[in-house]
Amino acid sequence: MAEYTKITLDESELPTQWYNLIPDLPAPPPPPLHPGTHQPVGPDDLAPLFPMGLILQEVTTDRFVDIPGEVLDIYKLWRPSPLYRARRLEKLLDTPARIYYKYEGVSPSGSHKPNTSVPQAYYNAKEGVSKLTTETGAGQWGSSLAFATSLFGMECEVWQVRASYDSKPHRKTMMQVWGATVHPSPSEVTEAGRKILAQDPDSPGSLGIAISEAIEAAVADPDVRYSLGSVLNHVLMHQTIIGEEALLQFAKVGDTPDVLVGCTGGGSNFGGLSFPFLREKLAGNINPTIRCVEPAACPSLTKGAYRYDFGDTIGMAPLVKMHTLGHDFVPDPIHAGGLRYHGMSPLISHLYELGMVEAEAIGQTECFDAAVKFARTEGIVPAPEPTHAIAAAIREANRAKEAGEERVILTALCGHGHFDLAAYEAYLGGEMVDYDYPAEKVAAAMARVPEVDA
Ligand SMILES: Cc1ncc(COP(=O)(O)O)c(C=O)c1O
């Protein structure tokens with residue numbers, strides 16, 4: 001093939017199945033436990049939160065799950081998404097590495113999140129649910145769910161983490177354009193929010209707090225369900241459409257990645273890109289290194305403990321075995337709001353324990369430095385979350401240069417940063433700070449993690 005920049009697929013090549021990694025693993029991840037009884041949760045325990053269609057996907061042992069036709073039709077609004085070769089960035093870095101990025105910012109809300117918000121809204125609508133509640137950190141997930149519910153004629157109520165509610169007012173407006181109601185979190189409208197505000201009236205919020213509020217609102221009404229934008233098995237499975245497309249795109253140009261790097265908040269864009277490649281690795285067809293990248297201010301994988309903890313701050317969500325910094329740990333307000341989660345997807349945590357994925361943590365100044373280099377060569381202004389992935393890709397490209405090796409690097413550019421310019425303003429104005437690892441705050445939060453015999 002001649003010098004290509006963008007590798008595209010035709011709509012007719014859109015994959016028609018999601019991939020479920022779990023049956024291909026030596027053992028499944030440990031089960032979620034009921035927050036009160038500490039016994040494994042069954043479908044009935046989850047029914048007040050999720051529709052049965054998604055509960056069954058959460059526990060399915062099928063390797064592949066058909067994507068419903070109605071979901072595929074909506075996916076075609078932005079999918080297949082392009083895979084780019086970052087030739088201009090490679091040139092700037094003067095590296096022998098070949099850098100590829102799969103760009104998910106082409107979706108209506110600007111990130112990978114509609115890959116799961118659309119099927120989640122679809123399965124809820126099919127079971128007669130009239131409204132979904134959710135949390136949002138960066139505002140990307142809330143706007144993606146607002147977009148999806150608008151297509152299915154459902155209501156949507158979003159708790160947006162206070163730090164991002166204040167810094168990204170236009171994300172809120174975007175959610176309202178799609179018909180959603182938006183509250184800053186912690187809010188006065190839930191008991192969970194009021195409890196946090198009583199302890200700390202200036203709380204910047206956290207994903208864990210916003211999840212508690214959205215769950216409380218959902219369980220209070222039998223016609224309402226809750227929707228989570230990351231962490232759970234079915235969410236990661238929906239995102240595998242990214243990796244399935246990328247495999248086809250690599251095949252088109254006859255190349256193979258040696259290293260995959262992706263940012264991890266709850267693990268969904270990383271899992272979505274990497275799981276199909278991991279399947280091919282387990283089958284002995286390819287052998288890439290697969291690495292998670294997390295913020296130094298919230299390093300659940302590299303510094304957290306692998307144990308059962310609550311998925312939310314108040315302790316209403318099931319206990320899951322994951323790398324955690326403690327369910328009531330409130331990370332410093334880094335700009336990558338979507339990476340400010342105290343835990344990690346249990347599936348990614350399990351892979352990390354099995355040694356199937358690696359992890360590294362990077363401070364936000366290095367990330368924005370990388371993002372500005374990227375924007376000035378490739379043109380796209382990345383969302384704060386994938387700046388971590390770009391910084392890791394650049395580290396890898398520099399290592400390839402030192403070693404004089406032609407390494408092939410693949411990363412997920414999982415969203416654009418058009419609503420995140422305040423972060424770039426801080427960086428360009430020299431006002432961005434790096435937060436040290438908050439060892440004392442984490443130790444205090446870890447002391448409140450429940451003891452579970454499992
Ligand atoms: C653009 C973007 N990337 C990444 C993330 C982190 O989530 P995940 O690890 O599930 O991809 C978020 C979360 O809000 C996000 O908005």
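We count ligands from 1, going down the list as the structure has it; atoms in each ligand are counted the same way. Given the structure is predicted, the values throughout are model-derived calculations rather than measurements.
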Margin query: For C414, state whether at least one heavy atom is located under 4.0 Å from any atom of ligand 1.
Written below: yes

Item checked: Y84 ring center near Y100 ring center (under 6.0 Å) -> no

Notebook entry, point to check: Side chain or backbone of V231 under 4.0 Å from ligand 1, or both, or neither, by non-hydrogen atoms?
Noted result: neither

Check: Numbering the atoms of ligand 1 from 1, which are under 4.0 Å from a heavy atom of S230?
Finding: 8 (P), 10 (O)

Check: Are a donor atom and an acceptor atom from the side chains of S143 and S109 found within less than 3.5 Å of each other?
Finding: no

Item checked: Whether over 12 other heavy atoms sit under 6.0 Å from E425 CD -> no

Checklist line | Residue pair S81 / E104, side-chain donor-acceptor N/O under 3.5 Å | finding: yes

Check: Mind checking whether Q239 has a heavy atom under 4.0 Å from ligand 1?
Finding: no

Notebook entry, point to check: Is ligand 1 less than 4.0 angstrom away from at least one heavy atom of H112?
Noted result: yes

Notebook entry, point to check: Could you go step by step and tell me if Y101 and F374 meet the ring pair (Phe, Tyr, Trp, His ring centres under 6.0 Å) rule?
Noted result: CA-CA 11 Å; Y101 57 96; F374 185 88; 4.9 Å; yes

Check: Under 4.0 Å from any heavy atom of T264, which atoms of ligand 1 are there?
Finding: 9 (O)

Check: Can you list the ligand 1 atoms lying under 4.0 Å from a non-hydrogen atom of L339?
Finding: 6 (C)

